[in-house]
Amino acid sequence: MSAPSLNLGQQPELLDRSKGITIVAGPCSAESEEQVLQTARAIDQIPQVSIFRAGIWKPRTRPNSFEGVGVDGLRWLQRVQKETRLKTAVEVAKASHVYESLKFGVDILWVGARTTANPFSVQEIADALRGADIQVWVKNPVNPDLQLWIGALERLNQAGITRLAAIHRGFTAQERTPYRNVPNWQIPIDLKRLLPDLPIICDPSHISGQTDYLSELSQKALDLAMNGIMLETHIDPENAWSDAKQQIRPETLKELISGLHLRKLENGAAPDSALERLRHESNAIDYELLEILARRMQVVEQIGLYKKDHDMTVLQVQRWKQVIEDRLQKGTKLGLDGQFVQDIYEILHAYAIKIQSDVIND
Ligand code: PEP
Ligand code: MN
């Protein structure tokens, strides 16, 4: 697969992490003119927040629930633009949403998680946006598929949208977890590695699904060098028409923001600083580790040859059980996390099986 590349042009100053972080707040859904304006006025009093979000068209899991106020909400957002210093952002899921939002002068559009998962819908949005000069954010798809996320960004970029950002809102999980959507932090980290200039905003509200983990998730996002956070904020969360459990009041948002600690991206480490010495040491250990891994795989191959000569199966269940139990015990004694040891050995074993299957059938 070819390495992704985006023509990002001049990024909005708002998302320049070296100048601070961008905070987006507002209700899950616009419900009434009063609710939108009261919430926006309260958020406007929090200087760190620069963008007001509100869902106008809502993707609901089941039919016959509240599906958004539609175009009326865009008029209320125009009042927010006039009466506060906040920029506005809405979710678009099809071409007509794009045309209406552009007509009413919304500042930023975002593509929702369910939409990102569908390339036909993303392409329809991209085609509707052709020639528009607007900032567009792309939420991760509901399933943990980095390529699908990148693909959506590429479709928009190929339609001429250069002011792009990604929103990390967590992923659907099979197993039960404390979160509504598991964060899988490794996915946004990989996105940052592949597209270092693309700003990423974290959406702790949709990761958490409740108000409990919002502070710790927000802090984690900042510690992972993300460019901003989006927090669903409502003047009366208990009576919200969608996502009532995860929305916070403007006062709570203010408190949450004041508890965040913004660390430096780079410390401009001098060559003789403690950080550079430790990095040097860590590099040297990695090289040793790679040599050891190469030696281990050579031994694995020789074991494969022995199994071939003696007509033995590749998988030796008893032996594998003993290995994992022994390594877990030894590893944890050395202070390593048990899950970490288990994960490493599962990867080593999977590759050993692959190598030996090739040897045996050669
Ligand atoms: C939302 O932001 O309200 C929303 C519907 O989010 P997501 O697309 O992440 O589910
Ligand atoms: Mn929501």
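Only heavy atoms go into these numbers, but all of them, side chains included; no hydrogens, no water, no symmetry mates. First listed ligand is number 1; within each ligand, the first listed atom is number 1.
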Would one find more than 12 heavy atoms of other residues, nucleotides or ligands at under 6.0 Å from atom NZ of Lys192?
yes

Give the residues near ligand 1 by chain and number, with the criterion being a heavy-atom distance under 4.0 Å.
Cys28, Arg53, Lys58, Glu91, Trp110, Gly112, Ala113, Arg114, Lys139, Arg169, His206, Glu232

Lys87, NZ: over 12 other non-hydrogen atoms inside 6.0 angstrom:
no

Would you say the side-chain atoms of Gln246 and Ser208 include a donor-acceptor pair closer than 3.5 Å?
no

Residues which pass side chain to side chain contact (heavy atoms under 4.5 Å, CB included) with Leu348, listed by chain and number, not counting sequence neighbours
Leu293, Arg296, Met297, Ile344, Tyr345

Just checking Gln174: does its CD atom have more than 12 heavy atoms from other residues, nucleotides or ligands closer to it than 6.0 angstrom?
no

Which residues share a salt bridge (charged side-chain N to carboxylate O under 4.0 Å, His left out) with Glu34, sequence neighbours left out
none

How about CG on Asp311, more than 12 heavy atoms from neighbouring residues, nucleotides or ligands closer than 6.0 Å, or not?
no

With no hydrogens and no angle check, do the side chains of Asp243 and His206 hold a donor and an acceptor under 3.5 Å apart?
yes

Just wondering, more than 12 heavy atoms not from Phe66 lying within 6.0 Å of its CZ?
yes

Return the set of protein N, O or S atoms whose distance to the Mn ion (ligand 2) is under 2.8 Å, each given as residue and atom.
Cys28 SG, His206 NE2, Glu232 OE2, Asp243 OD2

